[in-house]
Peer 1: 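Quick one: this structure, given as structure tokens, is what I'll be asking you about.
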Amino acid sequence: MAGSNEVNVNESKRVVPLNTWVLISNFKLAYNLLRRSDGTFNRDLAEYLDRKVPANTIPVGGVLSFDHVDRSTGLLNRVYLRAPESGGQAAAAAPWGFKELEKPLSCTSVVPVIVFFHGGSFTHSSANSAIYDTLCRRLVTFCGATVVSVNYRRSPEHRYPCAYDDGWAALKWVTSRPWLHSGTENNSKVHVYLAGDSSGGNICHHVAVRAAEAGVEVLGNILLQPMFGGQKRTESEARFDGKYFVTVRDRDWYWRAYLPEGEDRDHPACNPFGPRGRSLDDLVGKFPRSLVVVPGLDLVQDWQLAYVEGLRKSGLDAKLLYLKEATIGFFFLPNNDHFYTLMEEIKSFVSPRCDSLQKA
Amino acid sequence: MGPSSTSNAGTGKPPPPPRTELDGFLAGAGHKVRSSDLHHVAQRLERLESAMVSSPSHVVSDLTSDTVHYNPADLVSWVDSLLSELTHSYHHPNNSSAPTSSTSSSSRSLPVDLDDLFAIPSAANNWLQPEMPLSQPPQLTVFTTMEEDSGIRLVHALMTCAELVQRGDLHLAGTLVDEMTALLTRINTGCGIGKVAGYFIDALSRRVSGAGSAPASPHETEILYHHFYEASPYLKFAHFTANQAILEAFEGHDCVHVIDFSLMHGLQWPALIQALALRPGGPPILRLTGIGPPSPDGRDTLREIGHRLAELARSVNVRFAFRGVAASGLEDVKPWMLQVSPNEAVAVNSIMQMHKLLGPDPSPIEPVLSWIRGLNPRIVTLVEQEVNHNQTGFLDRFTEALYYYSTVFDSLEAACPVQPDKALADMYLQREICNIVCCEGAARIERHETLAQWRDRLNRSGFRPLPLGSNAFKQASMLLTLFSAEGYSVEENEGCLTLGWHSRPLIAASAWQASPLSAAIAGGDN
């Protein structure tokens with residue numbers, strides 16, 4: 001790999017704008033510094049390097065945010081809302097405050113609430129990381145949704161199933177907030193969707209399974225370059241290894257850090273439709289419909305496509321959005337077509353009147 | 001820029017910014033890079049990748065475990081410093097003590113002169129990225145118990161009352177105060193929103209009735225400060241971080257002089273004295289000048305504290321001299337009182353004092369900053385509350401304070417301090433609340449401003465930042481693990497460190513020195 005490094009670098013530079021290349025390469029560099037070959041992780045340095053931003057109850061770009069912290073777990077949820085229309089009783093730039101927690105989002109229309117699980121391969125980042133805060137704000141702006149971005153305990157300090165337990169707790173919290181309700185009187189509830197990128201996408205799947213089994217309604221799953229894998233090596237892993245920011249080796253490291261010690265990548269957390277996975281046909285009618293977004297230059301794509309197949313084989317509704325020239329992280333900066341395509345797709349996916357069930 | 005042209009043909013894409021400006025999208029991701037520097041950074045990243053791939057693994061792991069990082073927001077300097085670190089260690093595998101390397105995680109072997117490592121970024125912060133507000137935004141952190149009905153109604157009432165006060169309708173505000181006092185009887189005032197609301201209702205009541213707040217005697221203030229120090233990590237963090245930076249700044253100097261803007265009980269200094277005693281090469285001669293209020297009863301408290309510190313210094317063989325400067329306020333201090341000599345390295349230390357100088361015109365802040373700069377200090381350590389309580393509008397100030405102190409009190413409860421620390425720490429904070437809510441004009445001294453505001457002010461007054469670094473970050477994080485309460489977090493903010501409760505920074509520490517041009521003008525002034 002060392003010898004072909006120049007070729008790899010030139011290839012990735014050809015397909016993304018320069019500032020995107022700098023951003024993702026910088027992450028790659030930082031992450032290389034943080035992962036240790038013995039499987040441990042330099043958490044202090046990771047927190048130091050991670051660019052974080054505070055919440056802001058004054059609307060910026062029409063979006064305001066505030067934080068909720070669960071006292072028992074210490075986990076942060078950050079709520080993003082579309083700023084209320086001015087001309088109401090509040091002054092134009094008055095900070096949104098405690099009193100609004102008494103009212104639902106809307107009594108006349110449906111407002112989708114997206115529970116967002118940030119990525120980072122189960123190890124990196126937080127809801128208040130700058131890249132994710134920005135992404136969630138854009139989701140509100142483009143899709144008209146309310147977004148609740150949630151933290152979960154990360155590996156290697158906390159392994160499977162911590163992330164899923166935390167995700168499930170977050171979903172229960174969101175669905176039990178009266179102030180996240182919307183809709184008219186006989187349809188007032190939290191209209192909830194799950195979304196996430198990378199490990200966040202993986203969490204969406206497993207939380208949705210739990211929700212379906214428990215009878216908690218989730219209206220849709222949005223999996224953005226979800227993190228799945230398996231023991232066997234696939235063609236996309238061979239073809240794209242090291243070419244577009246990601247290597248098979250680093251993927252292996254993150255799975256070793258997340259899965260229980262001694263487990264391999266056919267563990268159902270990693271490979272839900274693999275040899276140790278299960279069909280979900282008993283959950284038809286309960287498991288949400290899915291939108292799975294696959295970047296065409298992601299080395300994990302074969303596993304992501306296999307996931308879509310697995311959903312469909314179980315009789316579940318899955319829409320595939322395959323973005324041929326997209327690399328991982330294409331959605332972090334709005335400087336490419338794929339970003340706008342993605343936002344349009346998500347918008348129509350969470351729109352209450354969307355009943356088109358196109359399959360790719 | 002061939003690679004980008006095909007991808008940019010999208011709809012709704014904003015026009016590219018002028019090349020000397022910061023790249024807006026990267027700024028939104030927390031990285032400050034000028035558009036014109038993108039190629040340079042990209043090139044460095046490529047070289048770093050090649051260097052890391054071709055280096056032996058022990059070199060790379062040294063790079064990660066030993067290197068001290070500074071200001072990762074400034075991508076250019078961070079990448080450059082990593083590259084020089086890596087190529088240096090690669091070429092000199094046995095030499096770990098070269099002057100430009102920043103190896104060793106021990107707090108004492110830090111580089112002699114930080115300037116050798118990297119270019120200190122200029123204040124290129126004028127470009128307003130629509131997605132990144134410049135100043136600390138109003139923050140609301142909700143904790144699960146906040147959703148109790150009475151709690152929310154109380155907060156609602158508090159805001160309404162504050163609005164009435166702002167409008168000048170004191171009569172109606174007074175009625176509301178009575179109603180809120182009644183509401184208080186129905187909820188738990190021992191903790192949570194009930195407790196905080198109680199303090200704010202009290203403060204509003206005083207404002208409305210014209211009773212105002214009783215000024216605390218300096219003696220009382222010192223005691224409350226001491227208990228606040230014991231009950232929470234905030235002041236410990238302040239002292240610890242400042243001492244770390246002062247220690248680094250004093251490397252290589254044999255005569256050093258610390259000027260403490262508020263001595264209190266001298267709690268900050270034993271740790272520094274001990275660290276200096278253990279310094280490789282031996283301790284310097286240490287002078288400490290402690291500023292504090294005059295004692296009304298004839299006791300010379302400053303001198304007593306100085307005496308105790310001298311005893312400690314003697315016990316660890318550090319040559320030490322103390323001088324007390326009695327002044328009711330910093331505005332009464334004149335530089336000649338500090339008796340700075342030309343051959344000493346000076347550190348000016350201000351823990352939550354500068355904001356008191358931000359009063360109405362003629363505000364003493366500029367003259368004070370000016371004489372500080374005139375001392376040509378090696379370092380100025382500044383710790384301040386991370387919040388804007390200096391807004392002119394009463395309602396804004398009130399709202400900000402309510403959110404801020406709710407968070408602080410919450411963090412204190414989680415830290416489970418013992419009595420009487422807890423009760424007296426509460427009183428310490430209550431005094432601040434009262435001053436912010438009740439007082440105006442010269443009487444209002446708790447005029448906290450945010451790190452972003454202080455940065456702006458200090459940059460304009462001829463200072464430049466001295467980044468605090470990942471080592472200080474790591475050690476501050478370790479300090480926090482001594483507290484049983486989970487939830488405190490240390491964050492890095494462009495070379496400064498903040499300590500906060502969950503995602504909300506509450507106190508910010510930064511370090512500064514005089515910018516070269518001003519130092520030249522100040523010349524041999526002492």
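Reminder, nothing fancy here: chain letters follow the sequence lines and each chain counts from 1.
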Peer 1: Kindly assign one of parallel, tilted or perpendicular to the pair A:F27 and B:H31, based on the angle between their ring planes and the thresholds 30° and 60°.
Peer 2: perpendicular
Peer 1: Do the non-hydrogen side-chain atoms of B:R504 and A:P54 ever get within less than 4.5 Å of each other?
Peer 2: no
Peer 1: Heavy-atom distance under 4.5 Å to chain A: side chain of B:S470, backbone, both or neither?
Peer 2: both
Peer 1: Where on B:L395 is there a heavy atom nearer than 4.5 Å to chain A: the side chain, the backbone, both, or neither?
Peer 2: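 When you check distances to chain A, no heavy atom of B:L395 falls under 4.5 Å.
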Peer 1: Under the side chain to side chain contact (heavy atoms under 4.5 Å, CB included) rule, what do A:E47 and B:S477 come out as? Steps first, then yes or no, please.
Peer 2: CA-CA 10 Å; A:E47 291 304 298; B:S477 302; over 6 Å; no
Peer 1: Kindly indicate, with the supporting measurements, whether the criterion side chain to side chain contact (heavy atoms under 4.5 Å, CB included) is fulfilled by A:Y48 and B:E491.
Peer 2: CA-CA 7 Å; A:Y48 177 77; B:E491 281 181 20; over 6 Å; no
Peer 1: Taking B:F25 as the fixed residue, which of A:V22, A:L23, A:T134, A:N19 is the one that meets the side-chain contact (heavy atoms from CB on, under 4.5 Å) rule?
Peer 2: A:N19
Peer 1: List the atom of B:A73, the atom of A:R51, and the distance in Å for their closest heavy-atom pair.
Peer 2: CB-NH1, 3.4 Å
Peer 1: Could you state the interatomic distance from CG (A:D44) to NZ (B:K474), rounded to the nearest 0.5 Å?
Peer 2: 6.5 Å
Peer 1: For B:R47, which residues count as a side-chain hydrogen bond (donor to acceptor under 3.5 Å, both in side chains) partner, sequence neighbours excluded?
Peer 2: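 Partners of B:R47 under the side-chain hydrogen bond (donor to acceptor under 3.5 Å, both in side chains) test: none.
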Peer 1: Any idea which heavy atoms bring A:A130 and B:G30 closest together, and the distance?
Peer 2: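 The answer is CB-N, 3.9 Å.
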Peer 1: Output all residues satisfying side-chain hydrogen bond (donor to acceptor under 3.5 Å, both in side chains) with A:T20, sequence neighbours left out; order by chain, then residue number.
Peer 2: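 With sequence neighbours excluded, A:T20 shows a side-chain hydrogen bond (donor to acceptor under 3.5 Å, both in side chains) to A:N335, given in chain and number order.
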Peer 1: If you compare all heavy atoms of A:L33 against all heavy atoms of B:W78, which two are closest, and at what distance to 0.1 Å?
Peer 2: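 Closest approach of A:L33 to B:W78: CD1-CZ2, 4.3 Å.
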Peer 1: Looking at A:K13 and B:E46, is any side-chain nitrogen of the basic one under 4.0 Å from a carboxylate oxygen of the acidic one?
Peer 2: yes
Peer 1: Quick check for you: among B:V33, B:N493, B:L75, which has the greatest number of heavy-atom pairs under 4.5 Å with chain A?
Peer 2: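 Going by pairs under 4.5 Å, I would pick B:L75.
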Peer 1: Using a cut-off of under 4.5 Å on heavy-atom pairs, state which of A:I131, A:L49, A:N128 scores highest against chain B.
Peer 2: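 Result: the option with the highest number of such pairs is A:L49.
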Peer 1: What residue among B:M52, B:E49, B:R44 forms side-chain contact (heavy atoms from CB on, under 4.5 Å) with A:L29?
Peer 2: B:M52
Peer 1: Give, as side chain, backbone, both or neither, the part of A:L333 having an atom under 4.5 angstrom from any heavy atom of chain B.
Peer 2: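 For A:L333, the contact with chain B is made by the side chain alone.
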Peer 1: Is it the backbone or the side chain of A:N26 that comes under 4.5 Å from a heavy atom of chain B, or both, or neither?
Peer 2: both
Peer 1: Would a 4.5 Å heavy-atom cut-off, applied to side chains only, mark A:L45 and B:H69 as touching?
Peer 2: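 A side-chain contact under 4.5 Å exists here.
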Peer 1: Does A:W21 form a side chain to side chain contact (heavy atoms under 4.5 Å, CB included) with B:V41? I'd like the steps, not just the answer.
Peer 2: CA-CA 10 Å; A:W21 192 90; B:V41 174; over 6 Å; no
